[in-house]
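Working notes for the structure below.
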Amino acid sequence: MLKAILVTLLVLTSTTATAEISPERQTELMYLLKHDCGSCHGMSLQGGLGPALKPEPLQRWTAEQLAMTILSGRPGTPMPPWKPFITPQEAMWLAQHLKRGITP
Ligand code: HEC
């Protein structure tokens with residue numbers, strides 16, 4: 001199931017890399033956030049194995065730094081790199097939304 005989603009994301013990523021993030025893709029990114037990121041950061045991002053992805057603790061980072069963390073992961077920690085699945089533009093979109101506060 002997870003594999004199927006990731007493969008789908010990979011295929012879709014290559015078609016949306018340069019375009020604005022479509023409403024459909026935004027829905028997929030929200031799904032990714034809830035199901036994949038949520039498996040470590042908590043379904044409502046309140047924290048779990050990974051830290052809470054709530055606006056307050058994230059204020060110490062810029063959106064660019066958060067996007068880098070999402071794309072490249074944190075070596076030496078369980079935070080994996082998401083580069084194979086999302087574009088830099090999409091990572092920025094997620095980072096900005098996380099800083100603003102979203103409930104996926
Ligand atoms: C396998 C578990 C795991 C998954 C899946 C995961 N993360 Fe993480 N993430 C972590 C851990 C653990 C850390 C803390 C790393 C550290 O110690 O600095 C982290 C850190 C982060 C941080 C930095 C937060 C901070 O305050 O320093 C962000 C942002 C983040 N993750 C976003 C995401 C996003 C977005 C996804 C989904 C695309 C995701 N993570 C999926 C485990 C995970």
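Read the numbers this way: they start at 1 and go in the same order the structure lists the ligands and their atoms. Starting from 1, each residue takes its place in the sequence as its number. Just so you know, these numbers come straight off a predicted model, no measurement behind them.
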With a 4.5 Å cut-off on side-chain heavy-atom distances among I, L, V, M, F, W and Y, is there a chain of contacts connecting Leu66 to Met68? no
If we ignore hydrogens and angles and just use 3.5 Å, is the side chain of His41 paired with the main-chain N or O of Cys37 as donor and acceptor? no
Can you list the ligand 1 atoms lying under 4.0 Å from a non-hydrogen atom of Leu66? 29 (C)
If two hydrophobic side chains count as joined below 4.5 Å and joins carry through other members, does Leu94 share a cluster with Leu45? yes
Closest candidate by heavy atom, reference atom 17 (O) of ligand 1, pool Leu71, Ile86, Thr77: Thr77
Is any side-chain heavy atom of Glu90 less than 4.5 Å from a side-chain heavy atom of Thr87? yes
Around atom CD of Gln59, are there more than 12 heavy atoms from other residues, nucleotides or ligands closer than 6.0 Å? yes
Arg74 charged N/C atom sitting above Trp61 aromatic ring, 6.0 Å / 45°: yes
Ring geometry between Tyr31 and His35 (parallel below 30°, tilted from 30 to 60°, perpendicular above 60°): parallel
Any link between Ile86 and Met92 through a network of hydrophobic side chains (Ile, Leu, Val, Met, Phe, Trp, Tyr) touching at under 4.5 Å? no
Can you tell me the protein heavy atom closest to atom 25 (C) of ligand 1 and the distance? Trp61 NE1, 3.3 Å
Atom 8 (Fe) of ligand 1: which protein N, O or S atoms are under 2.8 Å away? His41 NE2, Met79 SD
Hey, which atoms in ligand 1 end up nearer than 4.0 Å to a heavy atom of Asp36? 5 (C)
